[in-house]
Amino acid sequence: MVLQQKPSGAVVWGHGELGAMVTLTLSGASGLVIMEKTAQVKGPSGTWTIVLEPMDRGGPYALTAEQGLENVTLRDIYFGDVWLCSGQSNMAMTVLQVANASQELAAAARYPYVRIFAAAPARSSVELEDLEQIDLPWSIPTAENLGHGNFTYFSAVCWLLGRSLYDALGSPIGLVEVAWGGTPIEAWSSHRVLKACGLPEDTGSTSPHQHLSGPQIPSVLWNAMVHPLLNMTLRGVAWYQGEANTFLNTDQYNCTFPALIADWRWAFHTGSARQTEPLLPFGFVQLSTYRRGSADDSFTRLRWHQTADLGVVPNARMPSTFMAVAMDLGDEHSPYGSIHPRDKQNVAHRLLLGAMAVAYGDKGLVFQGPFPTQAVLEVTRGLLNVTYSQELIWRQRDAQAFEVCCSSQASPCQWLLAPVVAVGSRTVTLALSGCRTLVLGLRYAWAEWPCEYQACPFYNPQGLPAPPFLLDTLPAGSTAEGRELLLLPGSGFPLNKEDE
């Protein structure tokens with residue numbers, strides 16, 4: 001197994017006879033005792049907990065717990081960074097199911113210092129102290145346990161991220177998978193999250209949704225799969241979930257997701273005796289694609305809500321987070337259904353960039369795609385000049401990705417296509433044909449399947465796609481170039497053409 005390295009102390013816990021003293025010994029490969037600590041077994045669950053002194057990365061070590069004449073020894077322990085990976089089926093997809101699976105499985109032998117652990121799917125109506133079952137105990141990765149079967153273990157996104165972290169850092173990496181396909185965020189949320197977002201906490205008030213295959217009852221996965229792990233000292237979390245919430249409480253996701261992040265942070269910080277940092281780095285994958293040509297806008301709304309309606313992360317509502325945009329990684333011919341794209345390598349690479357920047361403090365690393373910062377309206381020419389935060393690479397020139405919301409009054413407005421007529425280093429010029437009056441909104445890639453594989457209109461030089469956005473545009477004065485518009489996160493405009 002891998003335990004968290006310094007500056008945090010790893011937490012070790014177990015069961016014993018109530019009131020008894022447990023002695024925990026950490027020893028090196030030669031048997032030399034590194035540290036010794038004691039704790040008393042306390043009720044009501046008869047557990048003991050010990051926080052180890054912060055350890056440098058490396059190993060192997062052995063841990064021995066003694067209570068009277070009984071003892072248990074765990075061997076082959078390393079200190080490094082521990083990441084928790086959670087979500088639904090796109091997190092549960094195994095290495096066996098991804099593009100170039102045979103090559104990825106063959107590469108497992110090169111990573112003996114990345115260790116993997118997978119909890120079994122389980123649900124509970126009450127918070128559990130222990131996992132009911134383990135699918136994969138702490139293991140050295142092999143082709144067999146990385147590709148055990150479809151949607152079982154081990155998570156491809158988790159593995160590819162962890163492997164990349166090992167390559168980048170040189171530290172042992174521990175990966176803990178807790179995932180279940182077809183599950184909404186409510187099932188992964190504690191009662192605190194549900195209460196904060198005004199959602200029902202009682203299990204009887206939730207009727208099953210026909211499109212979802214996994215447990216939907218509020219808190220049942222939090223109770224059975226997350227709560228038992230709260231004593232762990234973690235370095236970060238990777239999350240791939242949201243498809244289920246395109247069918248359920250879609251427009252509450254801008255509350256439930258930030259609330260879940262904040263709650264998991266509080267719970268892991270508290271449960272680990274404050275060893276897991278209070279702003280635990282939290283990375284996630286923005287939804288990919290599902291149905292080509294669909295007029296349903298639930299996917300687009302949920303992508304927006306994944307950022308707390310601000311478009312990019314980290315932001316004020318979601319500090320210390322990072323996001324992998326995946327709307328350009330669609331896979332219409334995936335044998336597992338188009339909702340399960342096989343390219344998890346690019347997903348993991350984009351998560352890695354965010355992890356290195358946000359969790360590991362690589363300040364110079366570009367980990368986000370370009371995002372608009374300014375817009376200037378040239379009324380007489382019927383043009384809108386949009387300035388971006390980064391240099392733009394124009395990959396797909398015939399895509400109709402921009403729309404403006406036009407009105408002759410303040411509301412309602414109508415979404416009209418705004419063709420790209422020119423692209424500069426950091427600017428996009430849009431034609432406002434049919435929109436000569438008020439421009440009240442601007443949106444980009446607002447479609448369930450907005451572009452072909454790795455062929456969205458705009459990327460940065462590092463190959464990261466510009467994320468989708470929905471922005472209000474407010475008059476902000478005049479410049480020599482035209483009328484300047486203030487860009488604010490989108491609010492109450494009709495979100496799809498059917499609402500016009």
Side-chain angles (χ1 to χ4, degrees), residues 295 297 300 303-304 309-312 325 327-328 368-447 449-452 455-461 464-500:
D297 70 342
T300 54
R303 288 187 194 119
W304 183 242
D309 298 352
L310 293 169
V312 289
V325 175
M327 65 178 180
D328 66 329
Q368 301 164 311
F371 200 76
T373 58
Q374 183 189 36
V376 175
L377 180 63
E378 294 184 54
V379 180
T380 54
R381 299 177 63 198
L383 300 175
L384 182 66
N385 297 306
V386 182
T387 302
Y388 273 80
S389 58
Q390 301 171 26
E391 183 182 341
L392 296 169
I393 304 297
W394 192 10
R395 275 196 197 175
Q396 189 61 31
R397 299 186 173 234
D398 58 353
Q400 301 286 311
F402 289 94
E403 295 168 282
V404 289
C405 210
C406 298
S407 175
S408 53
Q409 305 129 38
S411 70
C413 61
Q414 289 187 315
W415 289 107
L416 301 174
L417 287 173
V420 175
V421 294
V423 175
S425 173
R426 293 191 177 206
T427 59
V428 178
T429 301
L430 307 175
L432 304 181
S433 50
C435 182
R436 298 276 177 173
T437 50
L438 286 176
V439 178
L440 297 180
L442 174 67
R443 66 187 187 186
Y444 169 76
W446 204 260
W449 197 297
C451 51
E452 297 308 305
C456 275
F458 292 103
Y459 291 75
N460 63 14
L464 296 176
F469 63 76
L470 171 70
L471 301 174
D472 294 353
T473 58
L474 300 178
S478 298
T479 68
E481 290 79 30
R483 187 184 303 159
E484 188 172 355
L485 300 177
L486 190 64
L487 299 178
L488 298 173
S491 56
F493 292 116
L495 295 185
N496 58 30
K497 292 186 174 70
E498 286 69 33
D499 292 339
E500 291 164 12

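Along the sequence shown, residues are numbered consecutively beginning with 1.
- Atom OG1 of Thr427 is separated from atom CD of Gln374 by 10.5 Å, given to the nearest 0.5 angstrom.
- Under the 4.5 Å side-chain criterion, counting only non-hydrogen atoms from C-beta, Pro468 is not in contact with Thr300.
- For the atom pair CG of Asp472 and CG of Leu486, the computed distance is 9.5 Å after rounding to the nearest 0.5 Å.
- Of all non-hydrogen atoms in Leu430 and Leu442, the two that sit nearest each other are CD1-CD1, 3.8 Å.
- A disulfide bridge does not connect Cys413 to Cys406: their SG atoms sit 2.5 Å or farther from one another.
- Between Arg443 and Trp415, the closest heavy-atom pair is NH1-NE1, 3.4 Å.
- Contact of the Thr473 side chain with the Val404 side chain is not registered, since no non-hydrogen atoms from C-beta on lie closer than 4.5 Å.
- Residues Cys451 and Gln396 have side chains not in contact (no heavy-atom distance under 4.5 Å, counting atoms from C-beta outward).
- The closest donor-acceptor contact from the side chain of Thr429 to the backbone of Val421 lies at 3.5 Å or more, if one exists at all.
- Judged by distance alone, with hydrogens and angles left aside, the side-chain atoms of Arg397 form no donor-acceptor pair with the main-chain N or O of Val420 at under 3.5 Å.
- Note on ring orientation: taking the six-membered ring where Trp is involved, the planes of Tyr444 and Phe402 are tilted (angle from 30° to 60°).
- Shown here for Arg395 and Cys456, the closest heavy-atom pair between the two residues is CB-O, 3.5 Å.
- Judged by distance alone, the side chain of Gln390 and the main-chain N or O of Gln368 form a donor-acceptor pair under 3.5 Å.
- Using a 4.5 Å cut-off on side-chain heavy atoms (C-beta onward), Asn460 and Ile393 make no contact.
- Expressed to the nearest 0.5 Å, how far CG of Asp297 lies from CG of Leu470 amounts to 10.0 Å.
- Of the inter-residue distances, the one linking Asp309 atom CG with Leu488 atom CG reads 13.0 Å to the nearest 0.5 angstrom.
- Between Tyr388 and Phe469 the shortest heavy-atom distance is OH-CE2, 3.5 Å.
- Residue Pro450 comes nearest to Ala447 through the heavy atom pair CD-O, 3.3 Å, listed as atom of the first residue, atom of the second, then distance.
- Shown here for Leu310 and Pro489, the closest heavy-atom pair between the two residues is CD2-CG, 3.4 Å.
- With Ser389 contributing its side chain and Phe371 its backbone, the two residues share a donor-acceptor pair below 3.5 Å.
- The side-chain heavy atoms of Tyr459 and Asp328, taken from C-beta on, include a pair separated by under 4.5 Å.
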